[in-house]
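Here the structure comes first, spelled out in structure tokens, and everything after it is commentary.
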Number of protein chains: 2
Amino acid sequence: MTDQAAADPHPWDHLEVPAGERTEAARRLLLAAVDSFARRGYHATTTRDIATAAGMSPAALYIHYSSKAALLSEISRTGHQATLDLVERAEAAGGDPVEQMRRLAEEFTTWHARGHTVGRIVNHELHALPEEDFAAVAELRRRIEDTVRRIIEAGVATGAFTVPDVRTAARAVTSLGIDVSRWYSERSTETPEELGRRYGILVLRMLGAAV
Amino acid sequence: MTDQAAADPHPWDHLEVPAGERTEAARRLLLAAVDSFARRGYHATTTRDIATAAGMSPAALYIHYSSKAALLSEISRTGHQATLDLVERAEAAGGDPVEQMRRLAEEFTTWHARGHTVGRIVNHELHALPEEDFAAVAELRRRIEDTVRRIIEAGVATGAFTVPDVRTAARAVTSLGIDVSRWYSERSTETPEELGRRYGILVLRMLGAAV
DNA sequence: CATGTGACTAAGCGCTTGCTTAGCATGTTG
DNA sequence: CAACATGCTAAGCAAGCGCTTAGTCACATG
């Protein structure tokens with residue numbers, strides 16, 4: 001089950017929710033919500049859309065989730081956590097700042113291409129979150145950007161990177177990856193991995209590394 | 001009136017609608033729509049929100065615009081046209097590909113920072129457009145990206161640029177600028193012009209130019 | 001085999017939505 | 001000064017919204 005899910009990429013994989021933690025029905029609802037929120041946007045999606053896509057009556061949704069916003073919260077929180085994990089793993093895996101940054105840029109980009117549906121919700125529906133969920137998620141976003149900045153600072157210190165301004169460069173690196181979720185589509189000719197490799201090169205060059 | 005509007009930057013300036021072409025009331029409605037669509041999103045904005053912000057009763061909106069979607073269409077069409085004009089001017093102003101690209105990247109970035117409210121609507125509410133408006137706008141977007149790609153191709157031909165893939169590089173350049181409208185805020189410490197200059201350097205480096 | 005229990009549906013409630021209608025002042029025109 | 005156009009408001013309509021209620025059914029437990 002688990003290894004098959006890993007072999008067969010799926011929007012669900014981008015929400016780090018252990019398979020056993022929710023029932024089949026709740027999982028189906030969450031997947032339907034991801035699809036619908038990503039395609040039409042949170043406010044344009046109705047609870048009837050979600051329930052119908054999950055093969056249930058409108059009322060069944062409320063047995064598994066307390067509200068439409070609760071679905072968004074779960075998607076946003078787990079999606080952000082998965083992204084932060086990815087970024088911190090790229091830093092922790094070691095090597096010099098150039099190696100760390102290549103890994104981070106490649107995987108960050110690949111994630112946002114493969115999981116562009118979840119990515120779209122994570123990055124474009126922040127304003128629709130209940131206030132306390134927004135605060136939690138904002139903290140995760142801060143830590144993602146901090147990690148990127150830390151690697152750039154390290155690279156500037158060793159002389160491997162040269163940038164006009166560290167904060168601006170960190171913004172640019174994360175921004176480039178995030179925006180992939182806006183434009184990437186299944187119809188794109190590049191695979192997520194190809195795109196990741198190419199973006200890895202572009203990012204290193206942007207930071208003034210010799211590539 | 002007109003020169004004061006030019007001296008005092010305003011969301012309106014990013015919608016290239018000649019001052020005389022609409023009445024005061026219609027202009028107020030359009031501005032209220034820009035503000036509300038950018039802040040809450042198209043679907044979360046009600047016609048009552050817009051009319052009230054423009055100081056009118058809900059019904060008055062329909063004297064000036066045929067529907068809520070007509071407001072979005074006008075914002076999206078004029079916003080896209082303004083962006084295309086900017087990009088084509090940067091190419092036409094001459095110089096070698098490096099000079100053209102620096103100008104394009106700087107002005108494209110500055111535009112998306114200063115006009116981030118309009119930019120947010122232009123780039124994130126495409127799916128809410130009526131079908132025929134979407135088609136018109138998609139054509140403008142294609143021409144924007146084509147212009148960027150043309151300059152990169154010219155630079156690759158002269159040897160000034162080196163990129164892993166021209167289409168991917170063009171995507172990255174436009175994407176970097178577009179995403180500024182998502183995260184830039186009036187509270188940002190960088191001015192739009194500062195950010196433009198820094199992004200200009202990052203973009204040229206990304207394309208393998210010696211900077 | 002009575003009594004729960006959990007997952008579900010049919011129906012619908014109260015409210016908000018985009019938009020319309022009817023009417024009212026103001027100003028312009030023959 | 002009658003006739004009309006313009007720009008607006010008060011009131012409200014049909015449709016759709018998020019969510020609730022009441023009840024059904026399959027199945028587990030004493």
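Numbers restart at 1 for each chain; the letters A, B, ... are given by sequence-line order, proteins then strands. The figures here come from the full heavy-atom set of this structure, side chains too, leaving out hydrogens, waters and symmetry mates. Nothing here was measured: the structure is a model prediction, and the numbers come from that model.
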**Message:** Could you tell me if the side chain of A:M56 sits less than 4.5 Å from the side chain of A:L61, heavy atoms only?
**Reply:** no
**Prompt:** Do B:E88 and B:R143 have side chains that get closer than 4.5 Å, going by heavy atoms?
**Reply:** yes
**Asked** Do any side-chain nitrogens or oxygens of B:H43 fall under 4.0 Å of OP1 or OP2 in C:dT17?
**Response** no
**Prompt:** Mind checking which nucleotides bracket the chain B contacts on DNA chain D, 5' to 3', with an atom under 4.0 Å from a heavy atom?
**Reply:** D:dC8 to D:dG12
**Prompt:** Once you round to the nearest 0.5 Å, how far does CZ of B:R27 lie from CG of B:L30?
**Reply:** 10.0 Å
**Request:** Can you tell me the distance, in whole Å, between the CD1 atom of A:I63 and the C1' atom of C:dG6?
**Result:** 8 Å
**Message:** Here's one to test your reading of the geometry: is the NZ or CZ of B:K68 within 45 degrees of the ring axis of B:Y62 and under 6.0 Å from its centre?
**Reply:** no
**Prompt:** Is there side-chain contact between A:E190 and B:R167, with at least one heavy-atom pair below 4.5 Å?
**Reply:** no
**Message:** Short of 4.0 Å, heavy atom to strand atom, which residues of residues 45-52 of chain A count as contacting DNA chain C?
**Reply:** A:R48
**Item:** Distance-only polar pair, side chains of B:H80 and B:R141, donor-acceptor under 3.5 Å
**Value:** yes
**Check ion pair A:D35-A:R39 (N to O, under 4.0 angstrom)** = yes
**Request:** May I ask you to say whether B:R150 pairs ionically with B:D146, meaning some side-chain N is under 4.0 Å from a carboxylate O?
**Result:** no
**Asked** Would a 4.5 Å heavy-atom cut-off, applied to side chains only, mark A:R197 and A:T109 as touching?
**Response** no
**Request:** Specify the residues of residues 54-62 of chain B, ordered by number, for which at least one heavy atom lies under 4.0 angstrom from an atom of DNA chain C.
**Result:** B:A59, B:Y62
**Under 3.5 Å side-chain donor-acceptor pair for A:S36 and A:R40** = yes
